[in-house]
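Report on one structure; see the data block that follows.
In the text below, chain A, chain B and the rest are named by the order of the sequence lines, each starting its count at 1.
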2 protein chains.
Amino acid sequence: MARKHNPADPPPTISDATLRGFSGYVMKRAFNAIQADVNASLAPLDLRMLTFSALSVIVDNPGLRQSQLADALSIERPNLVIVVDELERRDLILRNPAPGDRRAYALQATLKGMRLYTKALGAVQAHEARMTKGLSEDERQALIAMLSRIET
Amino acid sequence: MARKHNPADPPPTISDATLRGFSGYVMKRAFNAIQADVNASLAPLDLRMLTFSALSVIVDNPGLRQSQLADALSIERPNLVIVVDELERRDLILRNPAPGDRRAYALQATLKGMRLYTKALGAVQAHEARMTKGLSEDERQALIAMLSRIET
DNA sequence: AATAATAGTTATTAATAATAACTAATATGC
DNA sequence: GCATATTAGTTATTATTAATAACTATTATT
């Protein structure tokens with residue numbers, strides 16, 4: 001039998017067992033830990049998860065439009081503007097005029113952007129290894145596959 | 001061979017394959033979807049993920065201190081204050097004086113709080129089922145177990 | 001040519017998270 | 001018992017992210 005603690009005292013241990021049955025709760029906790037760690041990993045390069053993600057997609061898809069980038073990252077176009085502003089201001093990317101459409105930009109990483117991205121990628125890979133060291137590689141892949149199936 | 005699109009045109013498809021190899025990226029996407037859905041599910045009850053989580057731990061651990069709640073939820077104490085303020089203002093919980101420590105409060109759900117919590121729990125269970133309908137129950141459990149191993 | 005749709009932007013709001021500094025009260029070391 | 005350190009809760013501040021409405025300029029549609 002579980003011995004009841006004196007109700008005049010605070011409970012000696014706190015249970016969040018109910019919440020732990022929900023993937024959203026454990027995911028929030030895991031994501032907060034990951035976000036903090038990746039941001040700390042990228043801070044020496046003056047990048048954050050969001051700016052790194054944007055830079056990555058730009059490096060891998062030269063010439064893409066801002067709206068394509070927003071779609072790819074699942075963020076709203078208005079929120080992407082300041083991200084692209086920041087990357088452009090630091091000369092990591094170029095907003096080239098899109099040939100044939102004067103409304104749009106063709107985004108492209110600069111040499112400086114590609115070099116920084118290479119470093120950042122290494123930092124994020126080290127971060128990933130650190131955060132998932134409690135999982136086997138098969139488990140890590142399974143985790144990614146399951147998370148990919150949860151999106152909207 | 002992959003046919004190269006005309007470089008004067010925007011890339012016809014955008015790849016985020018590099019990022020998809022990182023658990024943090026897919027977790028962010030999944031969590032954003034979950035957060036939006038759970039908040040929409042709880043909106044009719046005027047709760048959010050955070051206020052629901054706090055209420056849940058208070059219901060399950062009557063008499064706990066604010067600092068215990070903050071620890072349990074892994075949020076900073078200053079950020080918990082307004083959450084508890086909100087629950088108290090709506091008469092969902094009580095900040096009882098902690099017997100024997102005049103600095104502290106013993107948190108307790110009111111009858112109104114417990115009734116709202118019961119409804120909210122049902123809404124969140126339906127949300128969970130909806131979000132994880134692409135996973136078997138074994139997979140869902142495995143996902144939760146792996147996410148639990150990622151925390152800090 | 002008129003109208004609708006698209007690309008990007010500005011502005012605004014809400015929510016969350018992190019930190020420093022404070023008050024009041026309790027615990028500790030001597 | 002007293003000086004000091006620690007703890008509980010709070011206030012204030014800042015940064016980041018996300019969501020939405022409304023706007024300009026341009027392109028596509030009818």
Option passing side-chain contact (heavy atoms from CB on, under 4.5 Å) with A:Ser15 (candidates B:Asp60, B:Leu64, B:Asn61): B:Asn61
Look at the side chain of [X] and the backbone N and O of [Y], then say whether any donor-acceptor pair between them is shorter than 3.5 Å.
X: B:Arg77; Y: B:Ile75; value: no
X: B:Gln66; Y: B:Val81; value: no
X: B:Gln68; Y: A:Pro11; value: yes

The helix from C:dA1-D:dT30 to C:dC30-D:dG1: angle between terminal helix axes, five bp per end, to the nearest 10 degrees, reads 30°
State, with a plain yes or no, whether a side-chain heavy atom of [X] is found less than 4.5 Å away from one of [Y].
X: B:Ser41; Y: B:Arg130; result: yes
X: A:Ile14; Y: B:Asp71; result: no
X: B:Arg29; Y: A:Ile150; result: no
X: A:Arg48; Y: A:Leu42; result: no

Encode nucleotides 13-22 of chain C as B, S and - characters from 5' to 3', where the letter depends on protein heavy atoms closer than 4.0 Å: B to the base, S only to sugar-phosphate, - to neither. --SSBBBB--
N/O (side chain, B:Ser67) to phosphate O (OP1/OP2, D:dG9) under 4.0 Å: yes
Taking only the side-chain nitrogens and oxygens of B:Gln66, find out if one of them lies under 4.0 Å from OP1 or OP2 of D:dT7. no
Within this structure, what is the CG-CG distance for the pair B:Leu50 and B:Leu73, rounded to the nearest 0.5 Å? 7.0 Å
State whether a side-chain donor-acceptor pair under 3.5 Å links B:Thr132 with B:Arg140. no
Given atom CG of B:Asn96 and atom C1' of D:dG9, what is their separation to the nearest angstrom? 16 Å
Euclidean distance, atom CG of residue B:Asp71 to atom P of D:dG9 [Å, nearest integer]: 10 Å
Atom pairs, protein N/O to nucleotides 24-28 of chain C N/O, distance under 3.5 Å:
| from | atom 1 | to | atom 2 | distance (Å) |
| --- | --- | --- | --- | --- |
| C:dT26 | OP1 | B:Arg102 | N | 2.9 |

